[in-house]
Structures are given as structure tokens and as C-alpha cells.
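Have a look at the structure below before the remarks.
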Amino acid sequence: MIVSWNTTNQCNMYCDHCYRDAGAKATEELNTEEGKALLDEIAKAGFKIMIFSGGEPFMREDIFDLVAHAKKLGLHPVFGTNGTLITPDVAKKLKELGVMGVGISLDSLDKEKHDNLRKLKGAWDGAVQGMINCREAGVPFQVHTTLMDWNYDEAEAITDFAVEIGAKAHHFFFLVPTGRAKNIEEESLRAEQYENILTRIMKKQQEVDIELKPTCAPQFMRIAKQMGMDLRFGRGCLAGISYCIISPKGKVQPCAYMDMEIGNVRETPFSEIWANSEVFKTLRTMDYKGGCGTCGYKKICGGCRARAAFYHDGDYMAEEPWCLYHGRKGY
């Protein structure tokens, strides 16, 4: 079970595709005491992997205290970051704290393209230096790439770069138009492109030793099965089933890209929200509509619930719009 906490809205970048619309610190973000109480509840609910993200989590002054508390609770702390603030000293601290992994964003091998998306000159160099600092300190790291129409052809090359620099994995994120990403919806991939790129990624997985994993494109599970591949992942879309996210102010959402508040940890303990939310209960039924409901792969795929909601007026149980396989019986 995986949970992500956007620890702050602060960020040193202003990325075009940010679902959190990060930049400035939000008013009334959870303080240190509230954060530790949240971590207590997360452990109580049975979660194991604790993602500290943002905004940019390393802009939060108490981040190391929070990580230490998570570790004390038996959680496995990991980070989602742009990497630019991971100095050698920060990397050493992460190693001392027992951080299990750090995901660092790299969206192109072209520095200018990456920096343009991130709205910060030097973002590419900073991200790569952050990777090197993690590697030198012995902190496992992985490369995160958001795929859009303009970097679609770079996927395998970025994987090769990840291998060369010493990453443990390369995870591909597929744009969902929420937050600022609504302004670049036209850059998101469509059904045929999804089928093509996911097939390419699975073929690449057969060639490299590091883990390749698409996120927000759960069709990869069906494609892997069709290719005779046995992946370690049990399911594509995890929203509300074994994953959720908490905002800087304590708002609980099924996933980062489903902009709906189903509870707030300041009002209701997180463990109770996780157990009793009607939205979570509905997602766990897997009673999807349209092609996702009749698809033979729905138990291992599930379609992207966030994309379903965006393109079907908030109906998160509707069919995934960017899938070529709707309604077939499967395996």
C-alpha cells in the first residue's frame, strides 16, 4: 500500500504540468505536529510506502524530522522531487535517515526542453546533479518522466540515460489535465499513441535490467500480459484501492489527478477516511461503466480513474477514454 503526502505547495519551479499548481507556500499547511499525527494514522491504516512529495518537499524545513518519524513508525520513506535541492549534504542525510528511494524528474535529454517545461534555467543540470549526489551517497534513485507529444519519441533514450547514470528504475508518467496541466491538455497523448508507447516501454523492459513502470496508463498491465511478460505489479490503477494522496492542507484525494476532496485529516483521522469513504468504497467495487466494465483485463488494469473523471464530467467510474481495447473479453 502506497500513500503520497504533498508536504508543501512551495516549489522552486513553476512547471507547466503541475497538478498541484505549486509555487508559493499555501496558507494553513499541516505543521510539524499535524504532520507527525498524520504519519501515525497512515501507519495505523496499514500503509507501508510513504511518499514525501510537494511542491518541492526539500523546501520544507522540518522534512528530515518528518522522515525520521515515518521511519520510526516502520514506514518506508521515499521522495518525489525535482532533484535540484539534493546537495551532497542532503543526500548524505537521506542515507543516514534510511530513505528507501528518491524519484527525480527528467523530462527530456534536451536541457532546453526540460528547463522550458520546468520554467527554471538550470533545472536539467540540477536534476542530474541531484541524481549523482544520491548515487555517490548510496541512496537509491529513479528517473521520473512525464510523457507528452513533444517528448514521446525520447522514452527509450531517457531509459538508456537512466541506466548509464545508475538509476534503479525509470517511471513514466502520463499527463492527466488537472491543475496547470489543463492549459496543455492538447499535449497529452491519445489512444493510439498510448498503445504504441506502452508497447515500446514493455519491449524496452525486456532489454534493460532496471524497472520500467508506466503511471496513469494502467493499460500497460494488459499489454504486458499480451506480450507474455510477468511483471511484479498486481494492478494498473491503484486509486482508492491501495493508494491515495494527501494535500498540503490535509485534503485526501483518491489520486493526485482526481481533484476531489473526500475528507480532511484535520477533521477526520486519516485511517477512518481510508476505511469509510464512500468514494473509496465505490472505487474498490471495480464496477466500471462502458468498455472498462466489460473488459477482461479490468482486475489488473482498471483504466485511469482520473482521466475517466476528467473526460466524463467527474464520473470517476466511467470508461478510460484513451484505450483501444474497450470491452473485449481479455484473457
Side-chain angles (χ1 to χ4, degrees), residues 1-11 18-82 85 90 93-94 96-103 144 178-179 215 238-281 283-284 305-306:
M1 300 228 303
I2 307 170
V3 62
S4 179
W5 174 25
N6 295 143
T7 56
T8 181
N9 208 63
Q10 294 179 90
C11 193
C18 182
Y19 65 83
R20 187 55 70 196
D21 196 16
K25 182 178 180 179
T27 58
E28 300 180 350
E29 293 184 355
L30 298 180
N31 61 32
T32 304
E33 183 180 351
E34 290 173 315
K36 288 182 178 180
L38 170 60
L39 293 169
D40 291 342
E41 281 290 310
I42 286 170
K44 180 180 178 181
F47 285 84
K48 291 299 181 184
I49 299 177
M50 179 67 230
I51 304 173
F52 292 91
S53 63
E56 175 47 55
F58 290 111
M59 294 190 75
R60 184 162 173 143
E61 294 180 357
D62 61 354
I63 193 66
F64 296 133
D65 289 338
L66 293 168
V67 171
H69 189 71
K71 192 72 176 178
K72 180 181 177 182
L73 293 169
L75 297 169
H76 303 315
V78 300
F79 274 84
T81 170
N82 61 48
L85 302 182
V90 168
K93 184 65 175 179
L94 296 176
E96 292 171 3
L97 288 169
V99 169
M100 304 291 288
V102 178
H144 289 174
T178 56
T215 296
L238 306 178
I241 296 173
S242 58
Y243 171 82
C244 71
I245 192 167
I246 300 129
S247 81
K249 295 184 178 183
K251 179 175 79 171
V252 179
Q253 302 171 221
C255 85
Y257 309 104
M258 293 176 71
D259 189 16
M260 55 189 300
E261 180 173 351
I262 59 174
N264 192 296
V265 301
R266 281 187 165 132
E267 301 167 359
T268 307
F270 172 78
S271 61
E272 294 183 19
I273 296 172
W274 178 251
N276 301 324
S277 163
E278 291 302 318
V279 173
F280 285 159
K281 288 180 179 179
L283 286 165
R284 291 164 192 165
R305 296 299 95 212

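These numbers come from a predicted model, not from an experiment.
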Could you check whether any side-chain heavy atom of [X] comes within less than 4.5 Å of a side-chain heavy atom of [Y], counting everything from C-beta outward?
X: T32; Y: K36; value: yes
X: N9; Y: R20; value: yes
X: H76; Y: M100; value: yes
X: I245; Y: Y19; value: yes
X: E41; Y: V265; value: no
X: V99; Y: V102; value: yes
X: I241; Y: F280; value: no
X: S4; Y: M50; value: no

Spatial distance of atom [atom1] ([X]) from atom [atom2] ([Y]) [nearest 0.5 Å]:
X: H69; Y: L38; atom1: NE2; atom2: CG; result: 9.5 Å
X: L283; Y: E278; atom1: CG; atom2: CD; result: 11.5 Å
X: I273; Y: I246; atom1: CD1; atom2: CD1; result: 8.5 Å
X: S242; Y: M1; atom1: OG; atom2: CE; result: 7.5 Å
X: I42; Y: D40; atom1: CD1; atom2: CG; result: 9.5 Å
X: S53; Y: N82; atom1: OG; atom2: CG; result: 11.5 Å

Please report the closest heavy-atom contact between [X] and [Y], naming both atoms and the distance.
X: G98; Y: K71; result: O-NZ, 3.1 Å
X: L85; Y: E56; result: CD1-CG, 3.7 Å
X: R284; Y: A275; result: NH1-O, 4.2 Å
X: P57; Y: G55; result: CD-O, 3.7 Å
X: P254; Y: V279; result: CG-CG1, 4.0 Å
X: Q10; Y: M59; result: NE2-O, 3.6 Å

Can T178 and D259 be counted as having a side-chain donor-acceptor contact under 3.5 angstrom?
no
Is it true that Q253 and S247 share a donor-acceptor pair across their side chains at a distance under 3.5 Å?
no
So with a 6.0 Å cut-off around NZ of K72, is the heavy-atom count from everything else above 12?
no
Main chain of D65, side chain of D62: is a donor-acceptor contact present, judged purely on distance under 3.5 Å?
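Side chain of D62 to backbone of D65, a donor-acceptor pair under 3.5 Å: no, none is there.
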E272 side-chain N/O to P269 backbone N/O, donor-acceptor pair under 3.5 Å:
no
For the pair V3 and I49, evaluate side-chain contact (heavy atoms from CB on, under 4.5 Å) and give the outcome as yes or no after the intermediate values.
CA-CA 6 Å; V3 62; I49 299 177; over 6 Å; no
Criterion side-chain contact (heavy atoms from CB on, under 4.5 Å) on V252 and F270, from CA distance to verdict
CA-CA 8 Å; V252 179; F270 172 78; 4.1 Å; yes
Using 30° and 60° as the class boundaries, would you call the ring planes of F52 and W5 parallel, tilted or perpendicular?
tilted
Parallel, tilted or perpendicular: which fits the ring planes of F64 and F58, with parallel below 30° and perpendicular above 60°?
tilted
Assess the pair F47 and Y243: is the distance between their ring centroids shorter than 6.0 Å?
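No.
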Which one of E29, K25, E61 satisfies the side-chain hydrogen bond (donor to acceptor under 3.5 Å, both in side chains) criterion with T8?
E29
